[in-house]
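One structure below.
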Amino acid sequence: ISGTVSYEGKGVAGVCFVVFNASDTGVGNPETDANGDYTISVPAGSYTMYVDPTCGGGYSPYAIQSGLSVVVDTGSTTTTNVTLALGGSISGTVSYGGTGVAGVCVSAVNDTIGTGGGIGTAPDGSYTIWGLPASTNSASKYTVTFDPTCSGATTSSYNQQSLTSISVSAGSSTSGVNASLTLNGSATAPGAPTGVTASAGNASVTVNWTAPASTGGSAITGYTVSD
């Protein structure tokens, strides 16, 4: 399979593909060269290509495309060119008690075509999902899901949340799509601070400590100091 990926007649470099066979098994991950060209060698058969200009979540102004069907005959090359369209993006912050929560899986699914993208939150709880398919004439609607367990890959004391009817337009960014997480009841009391020291001052005292090793399953948002 070979071809060129372009936007407005110009080849686009660094666009990633995933090629699936009839058993829905990935058989290759080509990437376009400086001219927007790509080639992948596969056995004869039927394939579906997923075109990802973000290459797994990075920045790209172009929309992800999925479900491109390709049939390859023995001893022949099937030419499949791809014309990109501008995509949209969704961004925001995931927090608990005013503190950003890292590692929350955020997904955005187009309510009409059922495709979209996803990414994990950064250490400060922020995220941006690029390359979302969207219309140039009217805003597309997305459902955004915040999954602290990342589809069960890990455990979490936070509940999953979803926001519906989030508007996304091609070539535009939709910001402020935030989530304030709630506890699911599995959190426990955190450990005690260690290395507590106090230094007397003029009508004051300075207290220092090391944060506990165990947070109990949720972010520690404050401490109480008493005599």
Side-chain angles (χ1 to χ4, degrees), residues 1-91 105-120 127-145 150-151 165-175 177:
I1 306 172
S2 67
T4 301
V5 178
S6 63
Y7 176 72
E8 294 186 340
K10 297 182 179 180
V12 180
V15 175
C16 295
F17 286 73
V18 182
V19 181
F20 298 94
N21 61 19
S23 300
D24 204 28
T25 300
V27 295
N29 303 85
E31 184 175 333
T32 57
D33 62 18
N35 299 315
D37 298 328
Y38 74 95
T39 299
I40 179 173
S41 297
V42 294
S46 297
Y47 296 89
T48 301
M49 296 200 307
Y50 176 83
V51 184
D52 182 9
T54 75
C55 290
Y59 166 75
S60 176
Y62 308 114
I64 294 168
Q65 297 185 33
S66 61
L68 303 180
S69 299
V70 181
V71 177
V72 178
D73 296 324
T74 301
S76 67
T77 298
T78 299
T79 300
T80 302
N81 298 321
V82 178
T83 300
L84 297 177
L86 290 178
S89 68
I90 293 175
S91 63
C105 289
V106 186
S107 62
V109 177
N110 188 297
D111 293 344
T112 301
I113 62 177
T115 61
I119 199 166
Y127 75 93
T128 301
I129 303 174
W130 300 100
L132 296 175
S135 172
T136 56
N137 300 319
S138 60
S140 300
K141 299 298 183 180
Y142 275 79
T143 297
V144 180
T145 300
C150 294
S151 298
S165 297
I166 304 300
S167 297
V168 177
S169 298
S172 299
S173 298
T174 301
S175 60
V177 183

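No experiment lies behind these values; they were computed from the predicted model shown.
- In this structure, OG in Ser6 is found 9.5 Å from OH in Tyr62, a value given to the nearest 0.5 Å.
- Between atom CG of residue Leu68 and atom CG of residue Asn81 there is a gap of 11.5 Å, rounded to the nearest 0.5 Å.
- Under the rule for a ring-ring contact (aromatic ring centres under 6.0 Å, His included), the partners of Tyr59 that lie at least two apart in sequence or sit in another chain are Trp130.
- Of all heavy-atom pairs spanning Asn110 and Thr112, the tightest one is OD1-N, 2.8 Å.
- The ring-ring contact (aromatic ring centres under 6.0 Å, His included) test applied to Tyr50 returns no partner, not counting sequence neighbours.
- Ile1 is listed as a side-chain neighbour of Val72, based on a closest heavy-atom distance under 4.5 Å.
- Side chains of Val82 and Leu84 form a contact here, defined as non-hydrogen atoms less than 4.5 Å apart.
- With contacts defined as side-chain heavy-atom distances shorter than 4.5 Å, the pair Val12/Pro53 does not qualify.
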Counting only pairs under 3.5 Å, give me each side-chain donor-acceptor contact of residues 36-49, with atom names and distances, residues two or more places apart or in other chains.
from, atom 1, to, atom 2, distance (Å)
Asp37, OD1, Thr4, OG1, 2.6
Tyr38, OH, Thr80, O, 2.7
Tyr47, OH, Pro43, O, 2.6

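- Taking all atoms of both residues into account, the shortest heavy-atom contact from Lys141 to Ser167 is NZ-OG, 2.6 Å.
- Using a 4.5 Å heavy-atom threshold, the side chains of Asp52 and Phe17 count as separate.
- Exactly one residue among Leu132, Ile119, Val106 makes a side chain to side chain contact (heavy atoms under 4.5 Å, CB included) with Ile90. That residue is Leu132.
- Listed by chain and number, the residues in a side chain to side chain contact (heavy atoms under 4.5 Å, CB included) with Ser23 are Asn21, Thr25 (sequence neighbours excluded).
- The backbone N or O of Ser76 lies less than 3.5 Å from no partner atom in the side chain of Asp73, so there is not a single donor-acceptor pair.
- Between Asp111 and Thr143, the closest side-chain pair of non-hydrogen atoms falls below 4.5 Å.
- For Ser91, the side chain to side chain contact (heavy atoms under 4.5 Å, CB included) criterion is met by Thr128, Ser175, not counting sequence neighbours.
- Every pair passing disulfide (SG to SG under 2.5 Å) that includes a residue from residues 1-71 is listed here, sequence neighbours excluded: Cys16-Cys55.
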Begin from the C-alpha positions of Ser135 and Ser140 and carry the test side chain to side chain donor-acceptor pair (under 3.5 Å) through to its verdict. CA-CA 6 Å; Ser135 172; Ser140 300; 5.3 Å; no
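- The CD1 atom of Ile64 lies 9.0 Å from the CD1 atom of Ile129; values are rounded to the nearest 0.5 Å.
- Closest non-hydrogen pair, Ala170 versus Leu86, comes out as CB-O, 3.6 Å.
- The backbone N or O of Gly131 lies less than 3.5 Å from no partner atom in the side chain of Ser60, so there is not a single donor-acceptor pair.
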